2 protein chains.
Amino acid sequence: MTPSLEQLPDEQAQAARFQQARDARNAATAQDYVELISDLIATTGEARSVDVAKRLGVSHATVVKTVNRLQKEGLINTKPYRGLFLTDVGENLATESRHRHQVVTNLLIALGVDEETAQADAEGIEHHISAQTLATFESYLQGHRS
Amino acid sequence: MTPSLEQLPDEQAQAARFQQARDARNAATAQDYVELISDLIATTGEARSVDVAKRLGVSHATVVKTVNRLQKEGLINTKPYRGLFLTDVGENLATESRHRHQVVTNLLIALGVDEETAQADAEGIEHHISAQTLATFESYLQGHRS
DNA sequence: TGTAAATTGTAGCCAAGGCTGTAAAATAAA
DNA sequence: TTTATTTTACAGCCTTGGCTACAATTTACA
């Protein structure tokens with residue numbers, strides 16, 4: 001059993017943590033999109049928005065709208081009725097996100113979580129891993145090579 | 001370096017993972033509120049919405065609106081100009097959330113993440129931990145008692 | 001080539017979770 | 001007991017990320 005708290009954390013510190021979590025939540029969409037687009041291009045040669053929609057499990061209209069926003073933000077390039085492409089900035093973000101995703105998945109598996117559950121949980125967890133925690137995960141994996 | 005993917009996961013499986021992450025994101029707010037309200041009551045005897053706002057780092061108007069929704073959903077009870085209270089359902093959710101939060105924090109610390117970073121990252125991660133992963137974390141901690 | 005199917009785009013709707021500003025009620029202080 | 005402060009409530013606005021429905025364009029095939 002976990003006991004109830006006997007002392008609250010500092011007010012400002014707690015607010016900063018919640019803020020960090022909200023920021024991560026807001027950044028998650030962009031990361032999911034560029035990571036998926038990058039993977040699609042790498043494996044199939046192109047990223048069609050219809051495939052992005054199917055793989056995210058959302059409607060294609062949602063994808064179009066979000067892609068428009070990410071294009072304004074400088075992560076994605078599109079040509080009408082052609083596939084989706086990443087800018088350099090987008091590609092860098094994708095690489096970083098994929099790496100973080102992979103490290104989280106591997107850590108969960110190394111701790112004993114089964115692969116399918118690890119894949120699923122990693123999809124949410126990856127967006128909340130700070131640089132320090134990522135480094136910690138990496139060195140743990142380093143020390144537990146199979 | 002993490003290599004790029006050489007094979008994409010199954011389409012439906014991937015969509016299901018993204019859906020799980022979205023569901024977790026949507027449930028996060030309710031969990032944060034009940035957990036915080038429960039902690040405030042346990043340590044200070046009451047949960048004023050002004051304190052909830054300060055600790056979440058949002059405006060009090062946001063708290064009022066969210067609390068109204070959570071009341072409709074049966075997690076919180078309020079009496080005008082009195083503090084916030086949890087229903088039995090809310091209290092159960094709070095207990096479960098606090099436990100999950102604590103386990104995640106402890107795991108990060110056990111792996112070598114410093115306490116402040118662990119606290120911050122746990123705030124986001126906790127919402128994406130499945131029952132199986134939670135159990136795995138618990139047994140890891142069990143085997144690494146200091 | 002011309003038509004059907006697939007793909008992409010557009011319009012408009014909704015809920016959640018932020019915000020500011022203002023009003024009302026309760027509590028504290030003079 | 002007034003008055004000032006704090007707390008709570010309410011109104012209205014914005015953005016994000018969902019959706020359906022419909023239009024336009026491209027691609028495939030008969």
Side-chain angles (χ1 to χ4, degrees), chain A residues 11 15-37 40-41 44-73 75-85 123-124 127, chain B residues 11 15-37 40-41 44-73 75-85 123-124 127:
Chain A
E11 197 174 271
R17 286 176 215 155
F18 280 117
Q19 186 58 55
Q20 173 178 314
R22 282 193 298 271
D23 291 345
R25 217 178 50 195
N26 292 338
T29 303
Q31 290 167 21
D32 286 342
Y33 272 72
V34 296
E35 194 181 339
L36 179 53
I37 289 169
L40 281 167
I41 292 174
T44 72
E46 62 178 355
R48 317 294 300 265
S49 52
V50 80
D51 293 321
V52 172
K54 276 191 215 135
R55 287 190 172 274
L56 288 177
V58 301
S59 74
H60 76 277
T62 297
V63 171
V64 169
K65 191 162 70 164
T66 302
V67 163
N68 281 335
R69 180 171 64 84
L70 298 180
Q71 186 167 25
K72 286 193 194 98
E73 292 176 11
L75 297 174
I76 295 181
N77 280 328
T78 67
K79 291 175 230 165
Y81 291 92
R82 293 286 164 262
L84 308 174
F85 306 92
E123 195 54 68
H127 305 295
Chain B
E11 197 174 271
R17 285 176 215 155
F18 280 116
Q19 185 59 55
Q20 173 179 313
R22 282 194 297 271
D23 291 346
R25 219 177 48 196
N26 293 338
T29 303
Q31 290 167 20
D32 286 342
Y33 271 73
V34 297
E35 194 180 339
L36 179 52
I37 289 168
L40 281 166
I41 292 174
T44 73
E46 61 178 356
R48 318 295 298 264
S49 52
V50 82
D51 292 321
V52 171
K54 278 191 213 136
R55 288 189 172 275
L56 289 177
V58 300
S59 74
H60 73 276
T62 298
V63 171
V64 168
K65 191 162 71 164
T66 303
V67 163
N68 280 336
R69 180 173 65 84
L70 298 180
Q71 187 167 25
K72 286 194 196 97
E73 292 176 10
L75 296 174
I76 295 181
N77 280 328
T78 66
K79 291 174 233 170
Y81 290 92
R82 293 286 165 263
L84 308 174
F85 306 92
E123 194 57 68
H127 305 293

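This structure is a prediction, so every number in the text was calculated from the model and none was measured. Per chain, numbering begins at 1; letters A, B, ... match sequence-line order.
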May I ask you to test the B:R25-A:R25 pair for a side-chain heavy-atom distance under 4.5 Å?
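Touching, per the 4.5 Å side-chain cut-off.
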Produce a footprint string for nucleotides 9-18 of chain C: one letter per nucleotide, 5' end first; B if the base is under 4.0 Å from any protein heavy atom, S if only the sugar-phosphate is, - if neither.
BBB----SBB
Within the structure provided, determine whether A:Q71 and A:N68 are in side-chain contact (heavy-atom separation under 4.5 Å).
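Result yes, sub-4.5 Å side-chain heavy-atom pair found.
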Heavy atoms only: give me the nearest A:R55-B:F18 pair and the separation to one decimal.
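Answer, listing the atom of A:R55 first, then B:F18: O-CD1, 3.2 Å.
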Measure NZ/A:K72 against P/D:dT15 and give the value in whole Å, please.
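A:K72 atom NZ is separated from D:dT15 atom P by 11 Å.
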Candidate list A:I76, A:N77, A:T78, test side chain to side chain contact (heavy atoms under 4.5 Å, CB included), partner A:L70, passing option:
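Only one of A:I76, A:N77, A:T78 forms a side chain to side chain contact (heavy atoms under 4.5 Å, CB included) with A:L70, namely A:I76.
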Check the distance between D:dT16's P and A:Q71's CD and give it to me in whole angstrom.
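That distance rounds to 15 Å.
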I need the CD1-P distance between A:I76 and C:dT8, as an integer number of Å.
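One finds 13 Å between P of C:dT8 and CD1 of A:I76, rounded.
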Round to the nearest Å and state the distance from A:L75 atom CG to D:dT16 atom P.
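For the pair A:L75 CG and D:dT16 P, the rounded distance is 13 Å.
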Could you state the atom-to-atom distance from CD of B:Q19 to P of D:dG18 in whole Å?
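About 9 Å, once rounded to whole Å.
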Between A:L40 (CG) and C:dT7 (P), how many Å, whole number?
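Those two atoms, CG and P, are 13 Å apart.
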Could you check B:V58, B:L36, B:D32 and say which one makes a side chain to side chain contact (heavy atoms under 4.5 Å, CB included) with B:V52?
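In the set B:V58, B:L36, B:D32, the residue that makes a side chain to side chain contact (heavy atoms under 4.5 Å, CB included) with B:V52 is B:L36.
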Partner set under side-chain contact (heavy atoms from CB on, under 4.5 Å) for B:K79, not counting sequence neighbours:
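Partners of B:K79 by the side-chain contact (heavy atoms from CB on, under 4.5 Å) criterion, ordered by chain and then number, come out as B:R82, B:F85.
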